[in-house]
Amino acid sequence: MAINSGSSSLKFKLYEMPAEKVCVSGIIERIGSPEAQFSINNKTKTLAIKNHEEAIRCLLTELLKQNFIDELNEIVGVGHRVAHGGEFFDRSTIVNKKEFARIEQLGELAPLHNPVNAMGIKVFSEVLPQSIQVAVFDTAFHQTIPSYNYLYPLPYSLYQKYKIRKYGFHGTSHQYVAKRAAEFLKLDFQEANFITCHLGNGASICCIKEGKSFDTSMGFTPTDGVMMGTRSGGIDPMIFPFLEKNLLLDVNKIEHIINKESGLLGISGISNDFRDVQNSARNGNELSKIAIKMFVRKISEYILSYTSELKRIDGIVFTAGIGEHSAYVRQQICEQLTCLNVKLNKQKNDDNDKLISSKNSKVKVLVIPTDEELVIAKDTYKLVHNLVNV
Ligand code: ADP
């Protein structure tokens, strides 16, 4: 079972492994409300769900009732997406007491994510005591980033004492799409160099050198890097004290502005959803046009800066909601990369094909759908099957 728990939601996908066959998937949203939404295989019902524990109990009851499983002990492993693994975890791990305590402790660095992730692990281990819990970290893939790329030019003691450094996120997705791209291009992943662009509501770019993360745009938190749906991405740090001193805003309000009121939403004033902003730009809204231009510029700036790190680029890979579906954004970004001699095949780009660059492009450009749940299921299976002989 692959689990992605958020503050008021829980996404699930049950796999038959090692066949990688999806048995059932869905999402429970608005947990904590009398009108929570429980969708299972795209059929939704509304019911009262008090908390995550009730949500998980409800899910398991439903899986039995609808005959997706005959007994609870068919679920031998539960893989949880965990936002922050800090410097402790450079790979997925079975969660026992020690690991659980570390994940909870890392809530200091990811207060919106790790506590709910930890709660998911706790509840599943109580409700399904025979199952093994596995944590799959968003940060793990980026633990190979060298110190000169992960340190901030702040006093070194802030890193030593408080671990203030770049961690990077979306690691599972960057690694997955780069591996699929290497397979597709018949390259050895351990020798391949890619620049991967995960462009969803949250967005990040990753420089992958010889199969390892070498740099990435998100930093100490998932707010840094490129402009996103509601997050600003990297901005002049002196804007924060300015807002505090001159506008007398408190730190919570400043955080809210930067994480929830900025990005595409902040500039366009229309929406955080790329499709809405694009529609309004098409209807002539100037601020929406500027928002899209800024979004594209930030991404191409990162891509271009990462090219200086690589002797050879085997491919630029687009993934996640916008990366997989917006031919327009891909074309706009690639137009900014003409100095790299990147050329798109218009038809293939419009069709969201896998290889969208033209034959005479110096760098290959690919569209690879991400599948974080599958990675969670595979890592979980790998760690669990030796122990329980499944
Ligand atoms: P999340 O980060 O929440 O997982 P997704 O990866 O699902 O997000 O991406 C959501 C984004 O993808 C939204 O901004 C949405 O507008 C955008 N998106 C989805 N389909 C399209 C499309 N056909 N064209 C442009 N943008 C799209």
Side-chain angles (χ1 to χ4, degrees), residues 2-13 25-30 37 39 42 81-83 110 112-113 116-117 136 138 168-174 176-177 180 196-206 216-218 221-233 259-283 285 288-289 291-296 298-299 317-334 344 348-353 356 367-376:
I3 291 292
N4 186 349
S5 40
S7 53
S8 65
S9 69
L10 186 120
K11 275 191 211 156
F12 60 90
K13 224 174 201 181
S25 68
I27 182 166
I28 306 175
E29 289 171 288
R30 301 221 257 147
Q37 305 284 307
S39 305
N42 294 322
R81 180 180 182 189
V82 177
L112 299 180
H113 298 100
V116 273
N117 302 152
V136 179
D138 266 21
F169 298 86
H170 291 146
T172 313
S173 174
H174 287 295
Y176 174 79
V177 298
R180 292 287 84 78
T196 47
C197 308
H198 178 112
L199 310 179
N201 259 318
S204 68
I205 318 299
C206 183
T216 192
S217 59
M218 282 181 170
T221 72
T223 305
D224 198 7
V226 298
M227 173 175 170
M228 303 173 221
T230 59
R231 285 172 250 172
S232 63
N259 280 321
K260 305 272 184 208
E261 298 175 16
S262 298
L264 290 170
L265 171 68
I267 296 294
S268 71
I270 298 287
S271 169
N272 65 306
D273 191 291
F274 191 82
R275 285 164 293 194
D276 297 341
V277 182
Q278 196 171 16
N279 283 337
S280 115
R282 281 194 189 119
N283 291 332
N285 183 311
S288 294
K289 286 187 202 167
I292 293 176
K293 185 79 189 160
M294 287 168 70
F295 182 73
V296 165
K298 294 286 172 200
I299 295 161
V317 184
F318 287 99
T319 193
I322 304 170
E324 288 167 30
H325 300 113
S326 177
Y328 176 76
V329 163
R330 294 189 302 254
Q331 177 235 324
Q332 292 291 308
I333 292 172
C334 290
L344 288 189
K348 289 187 172 181
N349 186 37
D350 288 347
D351 293 346
N352 298 325
D353 226 334
I356 58 169
V367 179
I368 311 265
T370 192
D371 194 342
E372 287 159 301
E373 286 85 6
L374 179 61
V375 179
I376 295 173

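Numbering of ligands and ligand atoms starts at 1, following listing order. Computed from heavy atoms alone, side chains included, the values below leave out hydrogens, waters and symmetry copies.
- Side-chain atoms of S280 do not come within 3.5 Å of backbone N or O of N285 as any donor-acceptor pair.
- Ordered by chain and residue number, the residues placing a heavy atom less than 4.0 Å from ligand 1 are G200, N201, G202, D273, F274, R275, A320, G321, I322, H325, S326.
- Between L264 and N272, the closest side-chain pair of non-hydrogen atoms is not below 4.5 Å.
- Between the side chain of T319 and the main chain of I368, a donor-acceptor pair closer than 3.5 Å is present.
- Aromatic ring pairs are classed by plane angle as parallel below 30°, tilted from 30° to 60° and perpendicular above 60°; the pair H170 and H198 is parallel.
- Proximity of R81 to V136: side-chain heavy atoms (C-beta onward) are nowhere separated by under 4.5 Å.
- Of all heavy-atom pairs between V367 and G323, the closest is CG1-O, 4.0 Å.
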